[in-house]
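Data block below; observations after.
Values below: all heavy atoms of this structure, side chains included; hydrogens, waters and symmetry mates excluded. Both ligands and their constituent atoms are indexed starting at 1 by order of listing.
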Amino acid sequence: MGSSGFSWKLNDHSNLPKGKIISMVVLDGWGEANPDQYNCIHVAQTPTMDSLKNGAPDKWRLVKAHGTAVGLPTEDDMGNSEVGHNALGAGRIFAQGAKLVDLALASGKIYEGDGFAHIKDSFATGTLHLIGLLSDGGVHSRLDQLQLLLKGASERGAKRIRVHILTDGRDVLDGSSVGFVETLENDLVKLRENGVDAQIASGGGRMQVTMDRYENDWDVVKRGWDAQVLGEAPHKFKSAVEAVKKLREAPKANDQYLPPFVIVDDSGKAVGPIVDGDAVVTCNFRADRMVMLAKALEYKDFDKFDRVRFPKIRYAGMLQYDGELKLPSRYLVSPPEIDRTSGEYLVHNGVRTFACSETVKFGHVTFFWNGNRSGYFKPEMEEYVEIPSDSGITFNVLPKMKALEIAEKARDAILSRKFHQVRVNLPNSDMVGHTGDIEATIVACKAADEAVKMILDAIEQVGGIYVVTADHGNAEDMVKRNKKGEPLLDKSGNIQILTSHTLQPVPIAIGGPGLAPGVRFRKDIPGGGLANVAATVMNLHGFEAPSDYEPTLIEVVDN
Ligand SMILES: O=C(O)[C@H](O)COP(=O)(O)O
Ligand SMILES: [Mn+2]
Ligand SMILES: [Mn+2]
């Protein structure tokens, strides 16, 4: 025990043994909803997940995965991978980026910190550039926060502002980009009326431009760099509303994948490249899809693509995206301090851990799970395996993704008996659900279910325990609904496809031959959420959870 009295040592659980092999399976985007034709999990053949649900009623339940249960501002906020995995790994509920930025804007504290002071030094002579996802999805960013920041920065001396937009269609309905751009344009008109030279300078769809993650495809970030920094893009328009409307006319165009464009003046010159002396803010609060751009903006030594120019700028993130890398070094709002995660405790208590997913979800079971921290706690106790994702495709084309490969790695890790915890994320229902392709999402759900089976079979062989859960809903509801829950139709009478996550709860199931007899879900925490899972898993490893963790979901009864 250190002089502060803190110790990593966990107390032994009074009834549950140590040393069991536990598989922790997170199905990404797998919620529970009414069974109908838009519930791809219901439509798909999912015998393994069905048997968990129907087999042992006291070992299957639902947990909350959205809203305040995962630290989001309101109950209208759908869950997402960051907050879901943070809660699963950290066992407590932290006010998340969305909420922290709201508070900092409301109190004005956002303008009082080092980050704002840093960028403000450019206002007199340089341009302020704001780069971020333009929607009210609330997963990576929110339009109202951008609007407040624009107002606040201009009131504090920003004379020339350029906004570099990324259209969404993934956390919000496809096609909604036009409305968001119009709203932003109206705000910029008002700023111009007040003497601020404010314009949209570039844009593109989030999956095509800038917002790659976990270094799956640096070309995505390069396309953004070319437009935002160099002012170069294949498409040039006089206004962003025109750009988005025109680019959406292409066959199969959608907001997520709009190509990069720049806004040009009457002489055809880009209105807002980023140059020496400018200030830049990346407005997303969520880390995973901003960290690559943050590296490109901040690192002097950088070899991921040819930046052509590396302007001397004053840069701040909305948040610091990686506490371990201290990236970016300047930021407007301090991120949640997610400390003492279950992963860190467990390695200090002798639990050997294996974690695996494919690239697009790799950081979810490592970085997010560990409280937005990259790297190992104790390399000799942990092994993290990343299976390369396909890149340059939309996942409805290959909906099985790498589920089988992830399951094989997990199986081998389990059968090797080298690890006590084998943790995976199975991406299919989420990544394919986001494409809005119902047929493909059904295939995706089946593939994820088959992967679960392979992992559970391995657990059976070694006498282990399984915990199967999800981080938030997605594939269980693929249609936008009215208040009564009926599918909404668009003007042409077609259903409105829901590409986003949902507000639904997610299942959690426990079992396996190693589960001590008498272990079952408690009945006294009906409102339990993802943050209750960490204590549950610590118990199954034979430990009591720290006293400030959300309570365990299980109890041990005599039978
Ligand atoms: O980044 C994304 O792909 C979506 O905005 C949210 O999905 P995730 O939270 O499941 O990653
Ligand atoms: Mn997710
Ligand atoms: Mn998702």
### Task
Could you tell me whether the Mn ion (ligand 2) has an N, O or S atom of His501 under 2.8 Å away?
no
### Task
Flag the pair Trp369 / Val26 as yes when at least one side-chain heavy-atom distance between them is below 4.5 Å, and no otherwise.
yes
### Task
Please identify which atoms of ligand 1 are closer than 4.0 Å to at least one heavy atom of Asp171.
4 (C), 5 (O), 6 (C)
### Task
Ignoring angles and geometry beyond distance, decide whether Glu82 reaches within less than 3.5 Å of ligand 1 through its nitrogen or oxygen atoms.
no
### Task
Begin from the C-alpha positions of His164 and His129 and carry the test ring pair (Phe, Tyr, Trp, His ring centres under 6.0 Å) through to its verdict.
CA-CA 7 Å; His164 302 266; His129 298 265; 5.1 Å; yes
### Query
Any idea which N/O/S atom from His472 gets closest to the Mn ion (ligand 2)?
NE2
#### Entry: Heavy-atom proximity to atom 3 (O) of ligand 1, best of Arg289, Met431, His434
Arg289
### Query
Taking the inter-plane angle between the rings of His434 and His501 on a 0 to 90° scale, is it parallel (under 30°), tilted (30 to 60°) or perpendicular (over 60°)?
tilted
### Task
Number the atoms of ligand 1 from 1 as they appear, then name those within less than 4.0 Å of a heavy atom of Lys361, with their elements.
8 (P), 10 (O), 11 (O)
### Message
Could you measure the distance from the OH atom of Tyr466 to the CD1 atom of Ile459? Nearest 0.5 Å is fine.
### Response
10.0 Å
### Query
In ligand 1, which numbered atoms sit nearer than 4.0 Å to a non-hydrogen atom of His472?
10 (O)
### Task
Determine whether more than 12 heavy atoms belonging to other residues, nucleotides or ligands lie under 6.0 Å from atom NZ of Lys402.
yes
### Query
Can an N, O or S atom be found in Asp471 less than 2.8 Å away from the Mn ion (ligand 2)?
yes
### Query
N/O/S of Asp430 less than 2.8 Å from the Mn ion (ligand 3)?
yes
### Task
Indicate, as side chain, backbone, both or neither, the part of Asn474 found under 4.0 angstrom from ligand 1 when only non-hydrogen atoms are considered.
neither
### Message
Please list, in number order, the atoms of ligand 1 under 4.0 Å from a heavy atom of His140.
### Response
1 (O), 2 (C), 4 (C), 5 (O)
### Task
Flag the pair Gln208 / Val220 as yes when at least one side-chain heavy-atom distance between them is below 4.5 Å, and no otherwise.
no
### Task
Please identify which atoms of ligand 1 are closer than 4.0 Å to at least one heavy atom of Asp28.
10 (O)
### Query
Do ligand 1 and Asn80 have nitrogen or oxygen atoms that lie under 3.5 Å from each other?
no
### Message
Ring-plane angle category for Phe354 and Phe419, please: parallel below 30°, perpendicular beyond 60°, tilted otherwise.
### Response
tilted
### Query
If you measure only the distance, is there a donor-acceptor pair under 3.5 Å linking the side chains of Asp471 and Ser81?
yes
### Message
Strictly under 2.8 Å, is the Mn ion (ligand 2) approached by any N, O or S atom of Ser81?
### Response
yes
### Task
Number the atoms of ligand 1 from 1 as they appear, then name those within less than 4.0 Å of a heavy atom of Arg170, with their elements.
2 (C), 3 (O), 4 (C)
#### Entry: Protein heavy-atom partner closest to atom 10 (O) of ligand 1 - residue, atom, separation in Å
Ser81 OG, 2.5 Å
#### Entry: Proximity to ligand 1 by part of Arg286, non-hydrogen separation under 4.0 Å
side chain
### Test item: Glu450 side-chain N/O and Ala448 main-chain N/O as donor-acceptor pair under 3.5 Å
no
### Query
Quick check: does any side chain N or O of Lys409 sit under 3.5 Å from a backbone N or O of Ile406, one acting as donor and the other as acceptor?
no
### Query
Tell me: protein heavy atom nearest atom 2 (C) of ligand 1, and distance?
Arg206 NH2, 3.1 Å
### Message
Report the atom name of the nearest N/O/S atom of Asp28 relative to the Mn ion (ligand 2).
### Response
OD1
### Task
Could you tell me whether Asp288 and ligand 1 have an N or O pair separated by under 3.5 Å?
no
### Message
Taking only non-hydrogen atoms of Met211, do any sit less than 4.0 angstrom from ligand 1?
### Response
no
### Query
Considering only heavy atoms from C-beta outward, does the side chain of Gln228 approach that of Thr210 to under 4.5 Å?
yes
### Query
Side chain of Asp168, backbone of Ser135: donor and acceptor closer than 3.5 Å?
no
### For atom 6 (C) of ligand 1, the protein heavy atom that lies nearest, with its residue and separation
His501 CE1, 3.5 Å
### Query
Atom NZ in Lys59, atom CG in Leu553: separation rounded to 0.5 Å?
14.0 Å
### Task
Can you sort out which atoms of ligand 1 are near His364, meaning under 4.0 Å from one of its heavy atoms?
11 (O)
### Query
Any idea which N/O/S atom from His434 gets closest to the Mn ion (ligand 3)?
NE2
### Query
salt bridge (charged side-chain N to carboxylate O under 4.0 Å, His left out) between Arg170 and Asp255: does it pass, once the steps are laid out?
CA-CA 8 Å; Arg170 187 173 178 90; Asp255 290 349; over 6 Å; no
